[in-house]
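First up is the structure itself, then whatever we jot down about it.
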Amino acid sequence: MDLVLAKNLLKDLDTDQIEAVTSTEGPLLVIAGPGSGKTRVITYRFAYIVLTGKAKPHEILCVTFTNKAANEMKSRILNITGAYETRNWWIKTFHSLGLSIIKEFYEVLGLKNNFVVYDKDDQLNLIKSITKKYNFKELSPEKVMEIIDDFRYKNDEVPDTFGDKIKEITKIYEEEIRKNNAVDFVDLITLPYRLLKNDEEVRNYYRKKWKYLMIDEFQDTDPIQYEFIKTILNPEKNICVVGDDDQSIYGWRGANVENIRNFDKDLKNCKIVILKTNYRSTEEIINLSNYVSSNMTFRRKEKIVKGTGKKGNTPIFIETFDQLEEAKIIAKEIKFLCQNGYNYNDIAIFYRTNYLSRLIEEALIRENIPYKIYSGVSFYERTEVKDIISYIRFSINQNDFVSFSRIINVPKRGIGEITLSKILEFSIKNNKNLLESTLFLKKEGKIKPEIESFEKAINILSQNDQKISTRVRKLIEEIDYYTYLSQNYENYEERIENVEELIRAISDFEESGGESIEEFINTSILTTNSDNVDEQKNYVSLMTLHISKGLEFPVVFIFAANEGIIPHFKNTLNPSLLDEERRLFYVGITRAKKNLIITSSRIIRIGSIKHSLVSPSRFIDEIPSNLIKTIRV
DNA sequence: CCACTTCCTGTTTTT
DNA sequence: CAGGAAGTGG
């Protein structure tokens with residue numbers, strides 16, 4: 001029965017895809033060009049392994065780039081296999097995989113079971129409190145974070161150029177974050193990796209557990225993640241990596257394209273399958289993208305993507321006078337398209353940097369076009385959402401100084417820096433947690449009476465017999481949070497709506513049988529903008545080129561394709577950085593199914609400086625005129 | 001000791 | 001244009 005199903009699966013696939021799906025044993029490298037059915041291959045391969053009885057779903061580890069991709073794969077596989085739940089499946093991002101491993105082995109790692117995850121912002125706050133305490137001013141806290149993260153990640157020594165002070169701060173930071181019973185993004189990768197590397201028993205436990213490994217977006221993995229994967233690889237070496245070196249765009253974050261370029265040399269007897277048919281785009285768009293990729297300096301090997309003969313419009317390049325006009329033309333064009341059969345959700349606008357979204361937003365508002373922005377500050381990073389999350393985190397873990405210092409004075413309770421450091425000092429001296437210390441000092445009359453509401457708030461959140469969403473609602477009443485928002489922010493209505501959205505998310509989590517509030521909090525911190533892209537809603541999507549990876553739209557606009565923006569002026573001198581800019585542009589144009597419109601203008605603003613007579617991106621300039629139609633306004 | 005105002009700097013991309 | 005530093009009033 002299952003074998004019949006497995007055979008039926010293959011009917012939907014082309015020969016290259018079948019090869020990738022059925023080559024289950026030993027190392028396999030799948031180079032998947034844009035629109036080549038990559039997600040289909042991974043989900044079908046997963047289903048094929050299960051249906052042919054080679055492994056159970058929970059014996060396959062599948063690492064994806066975003067949570068959204070993970071969820072999509074789960075539901076697609078559910079559909080194909082007829083399985084009815086995914087609870088013990090291992091389809092995760094590297095970070096959520098790390099979190100799961102830490103959860104299983106928290107004790108060995110020196111954590112308590114109620115540990116919390118710190119995001120970049122929390123981490124920065126902890127570093128700020130350390131540099132302030134030790135009066136370290138030579139480098140900005142952001143720079144300090146960058147340096148110590150780099151060394152913590154690679155498990156290196158801090159080089160002498162940064163002096164002993166940074167070394168000291170690194171050591172203090174690592175002690176502090178453990179005292180807070182917290183882990184940060186670096187820990188989520190390095191703690192599990194080192195545990196597996198050094199502990200044979202744990203290593204064998206996972207090696208046995210996962211009979212098959214699949215890694216998506218392999219071109220964007222970094223060296224540690226690659227080592228991690230090799231560490232858990234079983235003796236049969238059943239590993240399949242999927243990716244496209246032409247679409248590697250996270251080098252600046254430590255990703256190493258060489259991982260995919262050398263994979264077949266690194267693992268003996270590696271099979272290679274190249275998926276080169278693009279089912280997504282018209283011939284015109286494919287021809288243009290092939291031209292763009294052919295000019296890369298460093299490349300694995302020439303790869304000409306083939307289309308399926310779909311004919312469409314020649315991509316258009318429009319150059320305008322200034323950016324106001326540029327945004328306006330996009331808005332007008334969208335209006336036009338939507339009067340001619342397109343919906344708003346068929347359309348996306350991509351740009352290189354976040355601040356560019358403002359210009360487009362204004363133009364879209366003027367034309368009454370609904371839109372949603374997917375880049376910039378993510379939902380769980382919003383001040384009001386993070387405040388509530390910090391209350392919840394502190395109610396779980398009263399050693400969490402970062403959350404404590406964030407909320408102790410929100411709303412204002414007359415507690416400033418000095419009182420805060422008194423509480424911290426007291427807690428260290430007397431080995432008491434932050435809440436106990438606060439209450440003790442309050443009794444002694446050393447803290448203003450307004451602190452009462454803080455104590456009550458934490459008590460409310462700790463009432464385990466009630467639903468979490470109910471407790472959060474009570475918390476908001478107790479601290480009169482909405483009044484606080486309306487008194488402090490002009491856009492308070494939007495902020496209140498965000499808090500309501502958070503409560504809704506908590507309710508959904510509870511109703512779908514979520515385990516604990518820790519689970520909700522720790523996983524929500526790992527949610528990002530790209531996880532929220534919803535194709536169902538009818539609005540135009542605005543996002544950075546980076547976020548656009550993995551998505552597709554019938555109509556794609558690329559805004560501000562100016563030299564200096566794409567490629568970014570900081571990355572034009574070094575050929576390998578310039579290549580990455582080109583790949584980013586390549587990712588952008590290959591998202592388009594039918595219509596591609598690229599725009600630029602002759603006057604642009606970078607910050608407060610106006611630059612006149614700027615040229616179009618070199619990536620456009622070099623394109624032969626038969627591949628793109630240029631319009632100068 | 002805290003809160004509020006004003007002036008200043010500095011903007012790539014994000015799991 | 002926002003987010004920190006510094007200065008002043010309560």
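Since this is a predicted model, take the numbers as computed values, not measurements. Each chain gets a letter, A, B and so on, in the order the sequences are listed, and its residues count up from 1.
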Between [X] ([atom1]) and [N] ([atom2]), how many Å, whole number?
| X | N | atom1 | atom2 | answer |
| --- | --- | --- | --- | --- |
| A:D149 | B:dT15 | CG | C1' | 12 Å |
| A:N488 | C:dA2 | CG | P | 15 Å |
| A:Y351 | B:dT11 | OH | C1' | 15 Å |
| A:K143 | C:dG4 | NZ | C1' | 19 Å |
| A:L356 | B:dT12 | CG | C1' | 10 Å |
| A:Y489 | C:dG3 | OH | P | 9 Å |
| A:E142 | B:dT12 | CD | P | 12 Å |
| A:R382 | C:dA2 | CZ | P | 14 Å |

Determine: side-chain N/O of [X] to OP1/OP2 of [N], distance under 4.0 Å, yes or no.
| X | N | result |
| --- | --- | --- |
| A:S378 | B:dT14 | no |
| A:N571 | B:dT13 | no |
| A:T353 | B:dT11 | no |
| A:K422 | B:dC1 | yes |

task: Please check if the distance between the ring centroids of A:F557 and A:F350 is under 6.0 Å.
output: no

task: Decide, yes or no, whether a salt bridge links A:R406 with A:D387 under the criterion of side-chain N to carboxylate O below 4.0 Å.
output: yes

query: With the threshold set at 4.0 Å, does a side-chain nitrogen-carboxylate oxygen contact exist between A:D322 and A:R602?
result: no

- prompt: Stacking here means centres under 5.5 Å and planes under 30°; does A:F185 stack on B:dT15?
  reply: no

Aro-ring/base stack A:H546-B:dT13, d under 5.5 Å, angle under 30°: no

- prompt: Which comes earlier along DNA chain B counting from the 5' end, the contact point of A:N409 or that of A:K570, where each point is its nearest nucleotide?
  reply: A:N409

field: Comparing A:K412 and A:K120 on DNA chain B - which has the more 5′ nearest nucleotide
entry: A:K412

query: So which of A:T221, A:I91, A:V242, A:V63 actually passes side chain to side chain contact (heavy atoms under 4.5 Å, CB included) with A:D216?
result: A:V242

query: A:V117 and side chain to side chain contact (heavy atoms under 4.5 Å, CB included): which partner among A:T523, A:D184, A:V183?
result: A:V183

task: For A:K446, report the nucleic acid contact type (base, sugar-phosphate, nothing); a contact means any heavy atom under 4.0 Å.
output: nothing

message: Once you apply a heavy-atom cut-off of 4.0 Å, does A:F94 come out as touching a base, just sugar-phosphate, or nothing?
response: nothing

- request: Give the nucleotide from the list B:dT15, C:dG4, B:dT13 with an atom nearest to the side chain of A:T93.
  value: B:dT15

task: Kindly point out which of B:dT15, B:dT12, B:dC1 is positioned nearest to the side chain of A:R352?
output: B:dT12

